[in-house]
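Just below is one structure, and these are the notes that go with it.
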2 protein chains.
Amino acid sequence: MAGKIRRGRPRQAEVAKLAGVSQTTVSLVLGGNKQGIVIQEATRQRVLEAARTLGYVPDPAARRLAAASNNLLGVFSFTATFPTDPAHSYYPFLVGVEREAAERGFDLVLFTGSSSGGGRAAAPGALERVRLADGCLLFGRHVPTEPLRRLVDDGFPLVHVGRRDEIAELAWVGADYVAASSEVVSHLVAAGHRRVVLVREDDDAPASTDRERGFREGLAPAEGSVVRVGAPADELTAEWVRARRAEGVTAFVAEETDTGAVWRALHAAVTAAGLRAPDDLSLALLGSPPPDLPLATPVTGFDIPRAELGTAAVRALTDLLAGQRPGATLARCAFRPGATSGPPPPGESP
Amino acid sequence: MAGKIRRGRPRQAEVAKLAGVSQTTVSLVLGGNKQGIVIQEATRQRVLEAARTLGYVPDPAARRLAAASNNLLGVFSFTATFPTDPAHSYYPFLVGVEREAAERGFDLVLFTGSSSGGGRAAAPGALERVRLADGCLLFGRHVPTEPLRRLVDDGFPLVHVGRRDEIAELAWVGADYVAASSEVVSHLVAAGHRRVVLVREDDDAPASTDRERGFREGLAPAEGSVVRVGAPADELTAEWVRARRAEGVTAFVAEETDTGAVWRALHAAVTAAGLRAPDDLSLALLGSPPPDLPLATPVTGFDIPRAELGTAAVRALTDLLAGQRPGATLARCAFRPGATSGPPPPGESP
DNA sequence: CACTCTTGCTAATGCGTATTAGTTGGGTGG
DNA sequence: CCACCCAACTAATACGCATTAGCAAGAGTG
């Protein structure tokens, strides 16, 4: 339907005709000429001039097909609702990705996934479109291992943003959730809390696993428990909060996920229970609150350096393109003291 | 330097061999077969089976090369600091652009590379790179007419986001700044202000011209003046504000630009003068405040429906690709009452 | 029985670029 | 003076798929 043939786009053959040389020469002048074939300066200039006159730009598909590169880096997200929901943690990364890509002279292709339209999960073959680019950045809490492995096995350059160890050869850049989570929990424990609960989603994304590990590490003298919720909004009720309080829990920690569902639900439940942080209990978030949820007080937690991760990812990807193994990146997250945590309420010291 | 591709991937030819048919047949079965060529069911199944066995996946580059279109919509910005500064009004549009592009099965290419790297203005030939896509969205307060005209004359499908009449054949989608600005100013006048000043940048982008027109239209019984500033931060000082106040000006209106410079400067100047809105004077902004400037109180003004404009732009562009003239779009902006305006201070009624 | 139609496929070609294997015309060396 | 080389190109081909123009075999007409 959209596939009108546009005669407007000039090809190398036309440039060649105008410059009075062969298409090969045009390719040599405009492409890298990696074979080091000698071309006279005068000819070179004629070709360049002709290309400029016609507004020639190489066709990325043809370039790719002929097994060269096209200065395009892909960005692919596995999350179903790729761009629709601004709450998704995708845009902040993009800022860094874009800056670094520009710096290195790459353009960006946003593979908006689906192609089937609508907010459904990505169509089966969607990931394969990525091959149009020279390499690709991957986002997403969960990734379908099978199609990915194919790309990896074919040697297609990929960098996943976020730790991802299922596929050994897949490069990734990530944030140190373990250390950051540990720091947040230590902060609570130092304030005097002795019973802390972590609320997390009921699946095993690395991002969750790491946070739980950090949670346990930071707990030290205190006692902690972990609650997995499948449907946060339903399971985290005011009664649930009261019951935990009755058991002596004075601090609640939620993990940040791409949708922010856990934190939203916890926050709502606490509010519904008529409790307030930091006076009645302490709240902390292993990450940042969703930007679309305006809060009066800053939340205790940590900030993921998303833009920096984005630039690191681009760097890793260009390393791969250059044939080097990229160095591992584990970015440090900044602790955010916030104002939702403090000492446990008076009557509750052990 | 880049782009080795390993040849592990099966092609149609291999599927064909396994199924005992020709490559054409494979293409027919696996591709759309839009020509309606009849294939026996048994053959079809054999091909599908073979494809599954080998794990065949079509090469997007080859597909696009053959189809003469590549399902790519471009996004290009003329602003020098294209992606670096998240304060630029570019991302909010992108949300809508991306959603609509996904809906219609297009991928997006962000032309940030410009081969110049760094934050400088786009390189001379940068715009030509755009031809890589099937069509392109254009952003920017100012656009270089000459290179643009070439693209337009070549029939390259372009849609500018924002009113743009210098080039007659250039399609655009815009917001109705005239009506929205008029509404904001009427609001001030209705509150009792009789002397209102508009601060705007000293150049003639359509976005500014339209706002000024709306400003004048909404002024009705009040008296207004327009101040053009070249270097907002330098020219808008505390003294300047005091001088205007002394002349009886009780309301200040700033235009929103891509950098937000005018509003930032006005806001800073008022603060420096020790004045507060809405008690000492009223402030309004013809647009939204830059997101990176956190303000305690919401600002009187209007909200540009950026995401909607983004989707409208994509719609217009795909219309162009389909060979139809897109309908004009002039989106309505929502009035935002805010809390920086009110009646003029008591002693100052006429 | 000579003929046209259909059915179900295949051979050939084009898309735009990169690369490999030449080709030409003018020196050089021996 | 002739074989040889070199500089500066060009012709030909491959890349993987879509598409167009066939083509063989059988079914249907008159």
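In what follows, chains are A, B, ... by sequence order, proteins preceding strands, each numbered from 1. Atoms considered below: every heavy atom in the structure, side chains included; atoms not considered: hydrogens, waters and symmetry mates.
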Checklist outcome for this item: Whole-Å distance, K17(A) NZ to dG16(C) P, equals 12 Å
Next on the checklist: Assess whether a salt bridge exists between E49(B) and R46(B), defined as any Lys/Arg side-chain N lying under 4.0 Å from an Asp/Glu carboxylate O.
Outcome noted: no
Item to check | salt bridge (charged side-chain N to carboxylate O under 4.0 Å, His left out) involving D59(B) - partner list, sequence neighbours excluded | outcome: R9(B)
Item to check | Side chain proximity check, L48(A) to V29(A), heavy atoms < 4.5 angstrom | outcome: yes
Next on the checklist: Do R64(A) and R131(A) have side chains that approach each other closer than 4.5 Å (heavy atoms only, starting at C-beta)?
Outcome noted: no
Checklist entry - According to a strict under-4.0 Å criterion, is R63(A) in side-chain N/O contact with OP1 or OP2 of dA18(C)? => result yes
Checklist entry - Could you state the CG-P distance from L65(B) to dT13(C), rounded to the nearest angstrom? => result 18 Å
Checklist outcome for this item: To the nearest angstrom, the CD-C1' distance between E128(A) and dG16(D) comes to 14 Å
Checklist entry - Separation of R64(A) atom CZ from dA18(C) atom C1', in whole Å? => result 12 Å
Item to check | R104(A) with E100(A): basic N within carboxylate O range, under 4.0 Å | outcome: yes
Checklist entry - Are any of the side-chain heavy atoms of L138(A) and F78(A) separated by less than 4.5 Å? => result yes
Checklist outcome for this item: Rounded to 10°, the helix from dC1(C)-dG30(D) to dG30(C)-dC1(D) deviates from straight, judged by its five-pair end axes, by 60°
Give me the distances for all protein-to-nucleotides 9-12 of chain C N/O pairs that come in under 3.5 Å?
residue	atom	partner	partner atom	Å
dC9(C)	OP1	T43(B)	OG1	2.6
dC9(C)	OP2	Q40(B)	N	2.4
dC9(C)	OP2	T43(B)	OG1	3.4
dT10(C)	OP1	S22(B)	N	3.4
dT10(C)	OP2	S22(B)	N	3.1
dT10(C)	OP2	S22(B)	OG	3.0
dT10(C)	OP2	T25(B)	OG1	2.2
dA11(C)	N7	T24(B)	OG1	3.4
dA11(C)	N6	T24(B)	OG1	2.9
dA12(C)	N6	T24(B)	OG1	3.3

Checklist entry - Can you check whether F93(A) and F139(A) have ring centres sitting under 6.0 Å from each other? => result yes
Checklist entry - Looking just at side-chain N and O atoms, do S27(B) and T24(B) make a donor-acceptor pair shorter than 3.5 Å? => result no
Checklist entry - So among L317(B), D134(B), V97(B), L72(B), which one has a side chain to side chain contact (heavy atoms under 4.5 Å, CB included) with F106(B)? => result D134(B)
Item to check | Rounded distance in Å - CG (L30(B)) to C1' (dC17(D)) | outcome: 11 Å
Item to check | Separation of dC9(D) C1' from N33(A) CG (nearest whole Å) | outcome: 12 Å
Checklist entry - In whole angstrom, what separates R131(A)'s CZ from dC17(D)'s P? => result 11 Å
Checklist entry - D59(A) has an atom CG; how far is it from atom P of dG16(D), in whole Å? => result 16 Å
Checklist entry - Phosphate oxygens OP1/OP2 of dA18(C): is one of them under 4.0 Å from a side-chain N or O of S27(A)? => result yes
